[in-house]
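To keep things clear, I will list the structure first and then write my remarks on it.
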Amino acid sequence: MQMRIFDSIQKRKVVFEPIKEGEVSIYVCGPTVYDDAHLGHARSALSFDMLNRTLKALGYKVTMAKNFTDIDDKIINKMHNSNKSLKEITDYYIDRYLSEMEALGVKRADIEPKATESIDAIEQMINSLIKKGCAYRVDNGDIYFDTSKDNRYGTLSHMVNNEDDMQSRICQSDQKRDPKDFALWKACSEPEICFDTTLGKGRPGWHIECSAMIEKHFDNKGEYRIDIHGGGADLLFPHHENEASQTRCATGCEIAKYWMHNGFVQIDGEKMSKSLGNSFFLKDALGVYGGELLRFYLISVHYRNDFNFNEEDLLSTKKRLDKLYRLKKRVYGIKSGTLDSEFKDTLLEAMSDDLNSSKALSVIDTMVSVANDRLDKEPKNRQFKQAIVANIEYIDTLMGFGGSDPFEWFQQGISDEQKSKINKLIAQRGEAKKAKDFKKADEIREELLGMGVQLMDTNEGTKWERVDR
RNA sequence: GGCGCUAUAGCCAAGUGGCUAAGGCAGGAGCCUGCAAAGCUCUGAUCCCCGGUUCGAAUCCGGGUGGCGCCUCCA
């Protein structure tokens, strides 16, 4: 089975062909750690987590890098406003980011470089750019990249720059030779945020870190440095354009063979922003809905499309995931058996087609439906039950959901004390039912429903789930 | 102003030239059940509008209209 991905540069789906047979190198732009992660960070992380899992499932040896930008104007502002050190701020947000990503089931990257720990590579790359005449220093000590030296600048994003228009946007005091030029190195003197290097005292610009980190951590020496470079759709220009240009000028190589960009997240049809006051922090959403549901919801839309986050949709999507867990309850305690190869192939094929997670979910829906039907007809077919267990395990591995305990899933947020009360009432109802006192049995059922507990009489006895109304 | 994305049933959402346009939620009918719930079965779309290309288009091209994004820090 081959992997097909949509390459942002060619603007079409292409068959993925790795630089090295059987291996894939991926670099994804990570967050600037000056604030809590929002749903957009989650979307990006999930998109490339799916890529990672799918490539691994196809048998590739994947090396994935995701950086942390831990030196930046916004962080420095926060430092000045909060009286905290740079490291206190960045450590705090890196920790939070990692634990929130874990809650979403995002696998850790193999390499997690930080800008402040890559100064050597950054310095080396800037020096090399200066040597080649692709960078220049201005009066205040800042160093800029000279975009005019790269005749392929703009070929990545296809941005045609309108000079007249650009004029209005640049700051008058800027000493750039061309509006498109960007800072590689910002001179400064504040000790905590400056690095003493052969470039002078200063700190790196944003774009250079990714190029430098890729040089540092990946060692392909051919035409391309890495296989796939990913990030949010907004990064295509100027960030990725600049990265590509720097690497091209410094090394003569292209930075990445393929580029992938995930779509945006909107909230109730509006762009997320603090000023709008819409709750978009991942921590808030995780607190209310939990990581697994959030993951399931966010991957229900193809990664390249924009995502409109909406609580109503999220809750109807939960019912879809519930169905998987009800099936899991039906095979509870059964040992895993042989995976249904047709199911596995169909699911993996959907994901191999440019991460068509929407289609993958529909493949799972069908598996659940077929399994329920057959379990109704053959309730004692142990081998079939074992296959279902294996199927669900495979879903967990490839898609990253379905791995929780099915009873816990439906009983989240209910204390042991409440549970014993519920069980007592269920037992009482059982007695009433046995005595054919249906009036009393129904009263108890109503009482439980009032407590948010829905009963289900099954062959294996009465089960219950928490219901949200 | 420049560049680009998008428009599929009440809602969410796949499909990008050709059998009956996936799947989920909501709704309706049935089976099952003491009754429910769950589960299963059945049930819904001339694919934004107008032209064009083609034997054939939701799918390609042109023009509208609506929504959105990037061009400034941004996932």
Side-chain angles (χ1 to χ4, degrees), chain A residues 8 11-13 28-32 34-35 37-48 66 69 72-74 77 154 157-166 168-171 179-180 206 230-239 241 261-266 269-273 297 300-302 304-308 310 312-323 326-327 329-330 350 353 356-366 368-377 410 433 436-439 441-442 445-446 449 453-458 462-465 467:
Chain A
S8 309
K11 293 188 186 299
R12 61 189 181 92
K13 273 190 212 173
V28 183
C29 288
T32 300
Y34 70 103
D35 205 347
H38 53 62
L39 291 164
H41 292 109
R43 182 104 195 278
S44 177
L46 286 168
S47 301
F48 294 101
K66 180 153 72 177
T69 300
D72 170 272
D73 288 347
K74 288 189 289 277
N77 284 341
S157 60
H158 308 289
M159 290 294 288
V160 179
N161 294 283
N162 183 323
E163 297 293 334
D164 296 334
D165 186 61
M166 292 295 278
S168 60
R169 293 182 182 276
I170 21 166
C171 181
K180 293 192 291 291
W206 177 41
D234 54 332
L235 297 182
L236 181 54
F237 187 86
H239 186 55
E241 186 77 57
H261 292 91
N262 64 274
F264 262 52
V265 177
Q266 290 170 234
E270 290 185 88
K271 184 175 175 170
M272 291 191 299
S273 76
Y297 177 51
S300 70
V301 176
H302 187 90
R304 270 190 285 124
N305 284 9
D306 280 344
F307 190 103
N308 185 19
N310 166 293
E312 201 183 321
D313 294 343
L314 187 152
L315 293 175
S316 72
T317 302
K318 177 176 187 297
K319 294 181 182 172
R320 196 178 188 182
L321 183 52
D322 284 347
K323 289 170 90 161
R326 289 204 187 94
L327 175 65
K329 281 205 284 195
R330 296 186 74 174
D353 183 15
N356 193 337
S357 49
S358 297
K359 194 170 179 185
L361 296 194
S362 80
V363 171
I364 292 168
D365 288 331
T366 305
V368 171
S369 176
V370 167
N372 274 319
D373 196 24
R374 192 159 163 200
L375 283 175
D376 286 344
K377 288 171 183 148
F410 290 108
K433 270 178 69 179
K436 302 243 188 259
D437 185 355
F438 295 123
K439 188 166 174 286
D442 289 351
R445 187 167 65 197
E446 280 303 311
L449 195 59
V453 172
Q454 173 74 60
L455 297 188
M456 295 163 187
D457 293 329
T458 73
T462 301
K463 311 281 187 201
W464 65 274
E465 292 180 3
V467 285

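Here is how names work: the chains are called A, B, and so on, in the same order as the sequence lines, proteins then strands, and each is numbered from 1. Just so it is clear, the structure is predicted and the values come from calculations on it, not from any experiment. Below, each value reflects all heavy atoms present in this structure, side chains not excepted, and no hydrogens, waters or symmetry copies.
- Take Ser8(A) and apply the side chain to side chain contact (heavy atoms under 4.5 Å, CB included) test, not counting sequence neighbours, and it matches Trp259(A), His261(A).
- With sequence neighbours excluded, no residue forms a salt bridge (Lys or Arg N to Asp or Glu O under 4.0 Å) with Lys323(A).
- As judged by a 4.0 angstrom heavy-atom cut-off over every strand, Gly40(A) is placed among the base-contacting residues.
- Taking the ring-ring contact (aromatic ring centres under 6.0 Å, His included) definition, one finds that Phe48(A) meets it with nothing, sequence neighbours left out.
- Place Ser157(A) and Gly232(A) on RNA chain B by their nearest nucleotides, and Ser157(A) ends up nearer the 5' end.
- Protein atom CZ of Phe237(A) is 14 Å distant from nucleotide atom C1' of G69(B), rounded to whole Å.
- Using a 4.0 Å heavy-atom distance criterion, Asp73(A) is classed as making no nucleic acid contact.
- An OP1 or OP2 oxygen of C5(B) is reached within less than 4.0 angstrom by no side-chain nitrogen or oxygen of Asn305(A).
- Applying the salt bridge (Lys or Arg N to Asp or Glu O under 4.0 Å) rule to Lys439(A) yields the partners Glu443(A); only residues at least two apart in sequence or on another chain are considered.
- Side-chain atoms of Gln454(A) do not come within 3.5 Å of backbone N or O of Val467(A) as any donor-acceptor pair.
- No engagement by His239(A) is indicated, since no non-hydrogen atom pair under 4.0 Å with the nucleic acid exists.
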N/O contacts under 3.5 Å, protein versus nucleotides 35-39 of chain B?
residue: C35(B); atom: O2; partner: Arg445(A); partner atom: NH1; Å: 3.3
residue: C35(B); atom: O2; partner: Arg445(A); partner atom: NH2; Å: 2.3
residue: C35(B); atom: N3; partner: Arg445(A); partner atom: NH1; Å: 2.7
residue: C35(B); atom: N3; partner: Arg445(A); partner atom: NH2; Å: 3.4
residue: C35(B); atom: N4; partner: Asp457(A); partner atom: OD2; Å: 3.2
residue: A36(B); atom: N1; partner: Asp457(A); partner atom: N; Å: 3.1
residue: A36(B); atom: N3; partner: Arg445(A); partner atom: NH1; Å: 3.1
residue: A37(B); atom: O4'; partner: Gln454(A); partner atom: NE2; Å: 3.4
residue: A37(B); atom: N1; partner: Asp457(A); partner atom: O; Å: 3.4
residue: A38(B); atom: O3'; partner: Arg326(A); partner atom: NH1; Å: 3.4
residue: G39(B); atom: OP1; partner: Arg326(A); partner atom: NH1; Å: 3.3
residue: G39(B); atom: O3'; partner: Asn372(A); partner atom: ND2; Å: 3.2
residue: G39(B); atom: O2'; partner: Asp376(A); partner atom: OD2; Å: 3.2

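- Of the candidates G15(B), G24(B), C25(B), the closest approach to any side-chain atom of Ser316(A) belongs to C25(B).
- For Ser300(A), the side chain to side chain contact (heavy atoms under 4.5 Å, CB included) partners two or more places apart in sequence, or in a different chain, are Tyr297(A), Phe307(A), Leu361(A).
- Residues satisfying the salt bridge (Lys or Arg N to Asp or Glu O under 4.0 Å) test with Asp306(A), not counting sequence neighbours, are none.
- With sequence neighbours left out, Ser316(A) forms a side chain to side chain contact (heavy atoms under 4.5 Å, CB included) with no residue at all.
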Are there any protein N/O atoms within less than 3.5 Å of an N/O atom in nucleotides 16-22 of chain B, and if so, which ones and at what distance?
residue: A22(B); atom: N3; partner: Ser362(A); partner atom: OG; Å: 3.4

